[in-house]
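Predicted, not measured: the structure shown is a model, and the values here were computed from it. The first residue in the sequence is number 1, and the count goes up from there.
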Amino acid sequence: MAEIKPFRAWRYNEKLGGNIDELTSPLFDVVSEKYREKLYKNEFNSIHISVPLEGPDGELLDRRIEDWKSKGIIVQDKTPAIYVYYQFFKLPGESKEYCRKGFICNIRLYDWEEEVLLRHEDTMPHSVDDRKKLLEHTQMHVSPTHGLYTDANHRIENYMEEAIVDPIYDCEDYQGVRDVLGVIHDYKIIQEIMELLKDKQVILADGHHRYQGALAYLHEQRHKNPAHTGDEPYNFHTMYLTNTESDDLRIFPTHRLIRKVKKFSPEQFLEQLSEFFHIRSLDNEEDVTEVISGKKWAFGLMIGDEVYKIRLKQEKYYEIEWEIPEVLKQLDITILHYFIMEKVLGIVKEKQPSSKKIRFERSMSTCIKKAISGKVQAAIITQEIPMQTVKDVCFSGFTLPQKSTYFYPKVICGYLFGSIKTEDNNAKIDRSF
């Protein structure tokens, strides 16, 4: 079902690549403003094309890409390849080292209705438009999205192990994660990987806005191009693919921050919540995660320095009026968005993806700081969503509310870039291996 193929990546020249850790950057939707300012000081850091200071559609960005190419700041690999990407990491409080194994390739862009590539989250329109403009002006996929395929037999892993022995890059990123990049040129191996994926559906784990932006650009080009064949480079998208059956796939929760609600009253908010939730005061914000862990429809709540555990009253579940399948209705995140966002705060489902009253935060400590400092009116602490739940939702044909999952670690930007220019995609695969 999923058509993938190798590609000729653009990468930093050999000299600059020797200090690749100075050129990588976080993805556009997780990089903080403070860290962004630091990265901007390096004129060749990848942040300049993934989150350009002048915006995603400026002439300066257009000139920068061409300047980097003409001066050899970035050079294109001579042979189409599949790039193996390993991420070694540890979790807080654990001594075990995990390794998420995957590979980067080009994958055909599919409309959601084709049910080849499955999304699990809603998107926010302004972020989709931002990523579309960036693609239009750079003519590059500046960072791979993250997709999931399922192979219980782990047939690709042996090939990846061989490729990673002699890596192109090996450095530690901003997350404290060790990122290792290798390459596969062997045509027979590439063909086997392509064959394996052609019968698979792919779940989009991370990068919904970038993928949706690329899809919007494809639709636009298809309309403009009367000679459209479906084989043009803009029909493909650069993606990092990992196996859902791996033991090293981690999904962290994404918490909700409430702000800019007019005439917000903590007392009134709690009173309205009490119609739907059992509310219990807690002594310490550090206990929130442990108190709600494993408990269905339970959340942490911070208003200023006051901390609460809230849990949906069982009978209220049957009042949900959204027309969604049971697998989706049962989710904690649905309970949160229906009862808190819509019923209590009055933000209807259709307006939630673009609402400025809702912000998203992965860091528990940041939630605590913002609540105590008053920078947000309330912080709602959520639990992680299991991989099987993500699968179930995807196969139901519906989606989770936006920013429901945080696949960890994040793919970094700067190791390679995938071009959608015709002249960059004409090279033949070397079949002599």
Side-chain angles (χ1 to χ4, degrees), residues 7-78 81 83 85 87 104 126-127 129-145 167-183 206-207 209-210 213-214 217 233 237-238 240 409-421 423-425:
F7 69 107
R8 297 168 59 212
W10 283 88
R11 298 189 291 112
Y12 286 103
N13 67 44
E14 188 174 354
K15 183 178 179 180
L16 286 171
N19 295 303
I20 192 67
D21 56 323
E22 297 179 6
L23 304 170
T24 61
S25 61
L27 298 177
F28 84 103
D29 56 348
V30 296
V31 61
S32 67
E33 186 175 345
K34 181 178 179 181
Y35 193 47
R36 217 167 43 222
E37 293 302 321
K38 178 182 177 181
L39 296 178
Y40 283 141
K41 294 176 181 178
N42 184 330
E43 64 176 323
F44 298 131
N45 188 280
S46 55
I47 196 76
H48 288 289
I49 59 174
S50 64
V51 193
L53 187 61
E54 67 277 8
D57 56 353
E59 292 183 11
L60 182 58
L61 175 59
D62 298 9
R63 293 199 302 270
R64 182 179 296 120
I65 294 291
E66 294 309 313
D67 188 56
W68 282 16
K69 288 181 176 181
S70 64
K71 292 181 178 177
I73 303 302
I74 56 174
V75 294
Q76 191 176 25
D77 287 345
K78 298 183 182 302
Y83 299 84
Y85 183 27
Q87 292 183 290
I104 302 172
H126 68 277
S127 293
D129 186 57
D130 177 88
R131 294 299 96 183
K132 175 181 174 292
K133 288 178 180 177
L134 188 78
L135 178 61
E136 183 176 1
H137 285 267
T138 62
Q139 291 291 287
M140 280 184 171
H141 297 295
V142 298
S143 57
T145 51
I168 300 171
Y169 300 132
D170 186 342
C171 77
E172 185 175 304
D173 66 29
Y174 73 101
Q175 307 164 101
V177 172
R178 180 184 164 211
D179 300 279
V180 184
L181 187 76
V183 63
D206 192 30
H209 295 101
R210 283 169 283 154
Y217 183 73
H237 179 76
T238 304
Y240 170 54
K410 289 285 187 177
V411 174
I412 59 168
C413 177
Y415 265 11
L416 53 77
F417 313 107
S419 173
I420 60 170
K421 284 193 169 184
E423 58 266 33
D424 293 341
N425 288 273

Quick one, His141 with Arg210, criterion side chain to side chain contact (heavy atoms under 4.5 Å, CB included). Give me CA distance, side-chain angles, the key distance, then yes/no. CA-CA 9 Å; His141 297 295; Arg210 283 169 283 154; over 6 Å; no
Output field: ring centroids Phe7/Tyr83 closer than 6.0 Å: yes
Looking at Ser419, is its backbone amide N or carbonyl O close enough to the side chain of Asn425 to form a donor-acceptor pair, meaning the two atoms are under 3.5 Å apart? yes
Going by the side chain to side chain donor-acceptor pair (under 3.5 Å) test, which pairs reach into residues 28-42, not counting sequence neighbours? Asp29-Lys403
Just how far is it from atom CG of Leu23 to atom CD of Glu43, taken to the nearest 0.5 Å? 10.5 Å
Using atom types as modelled and distance alone, determine if a side-chain donor or acceptor of Asn45 lies under 3.5 Å from a backbone N or O of Glu22. yes
Approximate separation, where rounding is to 0.5 Å, of Asn13 CG and Lys71 NZ: 13.0 Å
Here the side chain to side chain donor-acceptor pair (under 3.5 Å) pairs for residues 57-66, sequence neighbours left out, are Glu54-Arg64, Asp62-His137, Glu66-Lys421
I'd like to check Asp206 versus Thr145 (side-chain heavy atoms, cut-off strictly below 4.5 Å). Are they in contact? no
Check Val177 against Pro409 and note the closest heavy-atom contact, atom names and distance. CG2-CB, 3.7 Å
Atom CD1 of Ile47 and atom SG of Cys413: how far apart are they, to the nearest 0.5 Å? 7.5 Å
Looking at OH of Tyr85 and CD1 of Ile168, how far apart are the two atoms once the value is rounded to the nearest 0.5 Å? 12.5 Å
Can Leu135 and Met140 be said to form a side chain to side chain contact (heavy atoms under 4.5 Å, CB included), step by step? CA-CA 6 Å; Leu135 178 61; Met140 280 184 171; 5.7 Å; no
How about Ser143 and Ser50: does a side-chain donor come under 3.5 Å of a side-chain acceptor? no
Distance col, row Arg131:CZ vs His209:NE2, nearest 0.5 angstrom, shows 10.5 Å
Relative to the ring of Tyr169, is the ring of Tyr415 parallel (under 30°), tilted (30 to 60°) or perpendicular (over 60°)? tilted
May I ask you to decide if the ring planes of Phe417 and Tyr12 are parallel, tilted or perpendicular, using 30° and 60° as cut-offs? perpendicular
Is the side chain of Thr24 donor-acceptor paired with the backbone N or O of Gly414 at a distance under 3.5 Å, no angle test? no
Measuring from His48:NE2 to Ile65:CD1, what's the distance to the nearest 0.5 Å? 11.5 Å
Does the distance from a Lys or Arg side-chain N to an Asp or Glu carboxylate O, for Asp424 and Arg8, drop under 4.0 Å? no
Please check this pair: side chain of Glu136 against backbone of Tyr217, looking for a donor-acceptor N/O pair closer than 3.5 Å. no
